[in-house]
Amino acid sequence: MICIPIIANNLDDVLRDMEDASKFADIVELRLDYIKNPDLKRILERRVKPVIVTNRPVREGGKFGGSEEERIALLKLAIQLQADFVDVEHDSIQNMRGDTERRVPASKTKLIVSYHNFRETPDDLTVTYQKLSRYGADIIKIVTYANTITDNIKIYRLLQQAQTPLISFCMGDYGIISRILYKRFGSYLTFASLQKGKESAPGQISIHELLHVYQAQIQNKQTAIYGLIGNPVSHSISPVIHNTLFKEMNLNNIYVPFKVDKIDDFIRAFRELDVKGYSVTIPHKESAINHLDAVDPMAKKIGAVNTIVNKDGKLVGYNTDCKAAIQALGDTDHASGMGEKHEHLKGKHVTLLGAGGAARAIAFGLQECGAQVSLVNRNYERAQSLARDVGCLSIKPDDLPSMQTDILINATPVGMFPAVNETPIDKDQLKPNMVVFDTIYNPIETRLLREAKSRGCTIIGGLPMFVNQAAAQFELWTGIKPPLKLIREIAYKKLVGE
Ligand code: NAP
């Protein structure tokens with residue numbers, strides 16, 4: 001079930017938000033601690049969906065400013081008024097005793113006993129669960145703060161063991177996946193904000209995102225998990241693309257963002273969750289390779305993976321960036337991938353800006369196609385090192401103007417959102433007969449591409465490469481070739497904000 005908290009501070013706004021929330025949520029949570037002099041009777045009379053009445057004290061992350069007696073009195077009133085659920089903090093439940101024992105059968109209110117930890121996710125959550133179980137509440141709620149992505153696994157384990165209905169997830173950016181994967185993890189419910197800016201706790205995503213980006217309501221215990229490993233991951237458009245494709249193909253799969261600091265810890269811990277496939281992005285494309293069970297020969301040669309497939313418990317790494325970039329550079333009607341030689345690239349003088357993960361993949365791909373590649377990078381030693389690996393040339397940035405270039409490729413983030421006014425190369429160095437390929441896809445048309453167009457160059461944006469690599473990932477995971485047109489449409493819509 002999905003619960004939307006109501007955090008308005010006056011009666012009119014509470015009633016309006018409750019009505020709006022009831023269109024999407026299964027339950028709403030009435031946060032009395034946000035409301036001045038709440039008219040509880042009137043609010044409950046107006047409910048159309050079941051209501052959890054909560055009155056959080058400051059010590060548990062709430063806003064209630066009155067005395068403890070006043071706070072508890074409001075919760076007791078909620079029981080008298082037959083609220084559907086009342087949430088009582090574990091250290092206050094003794095104060096509710098008399099009423100909670102009398103509530104059955106006179107009141108149909110279900111009691112939630114809650115524990116919140118805003119600092120961390122302790123290792124001994126089972127002890128907390130057992131302690132809370134002793135209060136005999138209908139539902140237990142254990143919510144902690146994730147300081148690292150692997151904290152989510154502690155919540156997952158707890159939920160696997162629970163006998164009593166349990167609401168459990170991690171707060172904070174690292175905990176977002178436990179909120180999204182609530183059904184797969186086995187949580188009684190998850191919380192989502194009515195809209196951005198109306199969050200009642202850190203890491204709470206909006207109902208719109210939960211329903212439309214993650215389609216979280218259609219998951220179940222069998223849903224296969226896929227996701228993006230990177231940092232940052234919050235602005236990635238991959239979740240909307242892969243989740244839409246899963247839905248279109250009727251696959252019981254879900255794709256979530258994993259904000260990862262330590263790739264080794266993450267890969268080890270998340271084997272327990274049996275994640276079926278990953279996309280890998282900055283800064284883990286190169287380091288991930290050391291923690292896999294097998295690596296595809298091309299990815300091994302490149303030294304970076306952007307895709308991981310779980311094959312019967314064995315994690316196998318691939319690099320779809322390479323093929324995707326070469327396809328983007330070619331005539332896609334004829335060039336279906338690295339299997340075919342892209343004759344039009346043979347002997348072409350390619351100047352490649354950058355020596356990071358993307359440049360590595362592109363350089364190896366071009367080399368296989370017989371192009372004459374020259375690498376240029378801010379850190380010249382890095383360019384030299386990559387050039388040695390690939391078997392191509394490296395040049396210093398100062399020598400760039402004298403280079404013979406048929407194809408110029410930008411594989412640096414210079415010009416990427418939000419620094420959209422930057423460009424990696426002076427406009428005067430762009431010649432009309434050049435092909436200019438910018439791997440950046442946000443914005444769709446970079447300053448480099450605009451200037452190249454104005455100089456009469458043929459331009460290629462980063463979107464085709466992005467679409468190709470996403471399609472190749474999807475095919476590796478599912479064995480199904482997804483429609484490129486659909487991926488392009490979703491990506492375009494997200495990027496231009498339609
Ligand atoms: P990366 O591994 O971090 O490498 C970044 C490269 O850019 C390095 O060579 C770095 O030089 C250089 N660089 C960074 N900031 C610079 C600056 N201010 N001036 C000059 N050079 C700079 O990143 P990556 O994975 O290769 O990604 C690079 C770009 O490729 C991304 O921004 C992304 O837009 C694009 N990309 C696109 C796709 C797609 O599907 N379209 C896929 C992957 C990547 P140093 O070595 O000197 O630090």
Side-chain angles (χ1 to χ4, degrees), residues 1-58 60-66 70-89 108-112 114 116 118 139 141 143 167 169 171-173 175-176 178-180 182-183 187-217 234:
M1 286 188 290
I2 300 174
C3 177
I4 297 183
I6 306 299
I7 57 163
N9 59 15
N10 65 68
L11 183 65
D12 288 346
D13 290 354
V14 166
L15 294 176
R16 183 203 58 213
D17 283 0
M18 261 177 63
E19 195 181 330
D20 288 350
S22 299
K23 291 173 196 153
F24 312 104
D26 304 294
I27 300 183
V28 297
E29 183 188 35
L30 183 63
R31 286 289 300 263
L32 290 181
D33 50 307
Y34 278 77
I35 315 168
K36 273 199 196 101
N37 306 319
D39 183 346
L40 191 51
K41 186 165 184 289
R42 182 138 171 239
I43 296 171
L44 289 174
E45 277 168 4
R46 293 277 296 270
R47 70 185 186 265
V48 285
K49 288 282 171 75
V51 171
I52 301 174
V53 176
T54 302
N55 196 12
R56 284 268 181 271
V58 174
E60 287 271 320
K63 292 193 180 307
F64 190 77
E70 288 165 331
R71 195 177 73 79
I72 297 296
L74 276 168
L75 294 176
K76 289 180 176 178
L77 176 63
I79 293 173
Q80 276 170 28
L81 293 171
Q82 311 238 340
D84 307 276
F85 302 86
V86 167
D87 177 322
V88 187
E89 299 71 22
K108 51 182 178 59
T109 304
K110 287 194 165 138
L111 198 67
I112 302 172
S114 62
H116 294 84
F118 283 85
I139 298 157
K141 181 180 181 195
V143 176
I167 301 169
F169 54 85
M171 293 181 284
D173 281 356
I176 286 174
S178 63
R179 294 179 177 274
I180 299 169
Y182 72 105
K183 280 195 189 174
S187 180
Y188 184 73
L189 57 75
T190 192
F191 290 86
S193 68
L194 182 56
Q195 58 203 59
K196 272 195 194 310
K198 290 196 172 174
E199 299 83 13
S200 64
Q204 201 172 82
I205 64 171
S206 72
I207 185 74
H208 179 272
E209 217 180 332
L210 195 66
L211 297 182
H212 298 296
V213 176
Y214 298 104
Q215 280 125 27
Q217 77 286 13
S234 58

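The structure presented is a predicted model; accordingly, all values stated were derived computationally and were not measured.
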Asks: Could you tell me if the side chain of Leu211 sits less than 4.5 Å from the side chain of Ile2, heavy atoms only?
Replies: yes
Asks: Would the number of heavy atoms belonging to other residues, nucleotides or ligands and lying under 6.0 Å from NZ of Lys198 be above 12?
Replies: yes
Asks: With rounding to the nearest 0.5 Å, note down the distance linking CG in Leu15 to CG in Asn10.
Replies: 9.0 Å
Asks: May I ask you to test the Lys63-Arg31 pair for a side-chain heavy-atom distance under 4.5 Å?
Replies: no
Asks: In sequence, state the C-alpha distance, the side-chain angles, and the governing distance for Ile205 and Tyr214, and then conclude on side chain to side chain contact (heavy atoms under 4.5 Å, CB included).
Replies: CA-CA 11 Å; Ile205 64 171; Tyr214 298 104; 4.0 Å; yes
Asks: Hey, mind stepping through Phe191 and Ile167 against side chain to side chain contact (heavy atoms under 4.5 Å, CB included) and telling me if it holds?
Replies: CA-CA 10 Å; Phe191 290 86; Ile167 301 169; 4.2 Å; yes
Asks: Look only at the side chain of Gln204 and the backbone of Pro202, and say whether a donor-acceptor pair between them is shorter than 3.5 Å.
Replies: no
Asks: Keeping the roles fixed (side chain from Thr109, backbone from Ala83), state whether a donor-acceptor pair exists under 3.5 Å.
Replies: yes
Asks: Mind checking whether Ile112 and Thr54 have side chains closer than 4.5 Å, heavy atoms only?
Replies: no
Asks: Extract all donor-acceptor atom pairs below 3.5 Å that involve side chains of residues 44-52 and protein atoms in other chains or at least two apart in sequence.
Replies:
residue : atom : partner : partner atom : Å
Glu45   : OE2  : Lys41   : NZ           : 3.0
Arg47   : NE   : Asp84   : OD2          : 2.9
Arg47   : NH1  : Leu44   : O            : 3.0
Arg47   : NH2  : Gln82   : O            : 3.1
Lys49   : NZ   : Ser22   : O            : 2.7
Lys49   : NZ   : Ala25   : O            : 2.8

Asks: So for atom CD, which belongs to Glu19, do other residues, nucleotides or ligands contribute more than 12 heavy atoms lying within a distance under 6.0 Å?
Replies: no
Asks: Grab the two heavy atoms, one from Ser178 and one from Phe169, that are nearest each other, plus how far apart they are.
Replies: OG-CB, 3.5 Å
Asks: Given the rule in the side chain to side chain contact (heavy atoms under 4.5 Å, CB included) test, do Lys141 and His116 qualify, once you have shown the distances and angles that lead to the verdict?
Replies: CA-CA 8 Å; Lys141 181 180 181 195; His116 294 84; 3.3 Å; yes
Asks: Going by the rule side-chain contact (heavy atoms from CB on, under 4.5 Å), which residues pair with Pro38 if we only count those two or more places apart in sequence or in a different chain?
Replies: Leu32, Ile35, Leu74
Asks: Supply the atom-to-atom distance Gln217 CD to Asp26 CG, rounded to the nearest 0.5 angstrom.
Replies: 9.5 Å
Asks: Looking at CG of Asp17 and CD of Gln195, how far apart are the two atoms once the value is rounded to the nearest 0.5 Å?
Replies: 7.0 Å
Asks: Got a sec: does the CZ of Arg16 have more than 12 other heavy atoms crowding it under 6.0 Å?
Replies: yes
Asks: Please name the pair of heavy atoms, one in Pro5 and one in Ala192, separated by the smallest distance, quoted to 0.1 Å.
Replies: CD-O, 3.1 Å
Asks: Could you state the interatomic distance from CD1 (Ile4) to CG (Leu194), rounded to the nearest 0.5 Å?
Replies: 5.5 Å
Asks: Just say parallel, tilted or perpendicular for the rings of His208 and His212, cut-offs at 30° and 60°.
Replies: tilted
Asks: Where the side chain of Lys36 meets the backbone of Asn9, is there a donor-acceptor pair that is under 3.5 Å apart?
Replies: no
Asks: At what distance, to the nearest 0.5 angstrom, does OG of Ser200 lie from CZ of Arg56?
Replies: 9.0 Å
Asks: Charged N to carboxylate O below 4.0 Å: is that the case for Asp33 and Arg71?
Replies: no
Asks: Can you name the salt bridge (Lys or Arg N to Asp or Glu O under 4.0 Å) partners of Arg179, sequence neighbours left out?
Replies: none
Asks: Go through the steps for Leu189 and Tyr182 under the test side chain to side chain contact (heavy atoms under 4.5 Å, CB included), then give the verdict.
Replies: CA-CA 7 Å; Leu189 57 75; Tyr182 72 105; 5.5 Å; no
Asks: Determine the minimum heavy-atom distance between Glu89 and Pro57, stating which atoms define it.
Replies: OE2-CD, 3.5 Å
Asks: On a heavy-atom basis, which atom in Gly197 and which in Glu199 lie closest, and how many Å separate them?
Replies: N-OE2, 2.9 Å
Asks: To the nearest 0.5 Å, what is the distance between CD1 (Ile139) and CG (Leu111)?
Replies: 8.5 Å
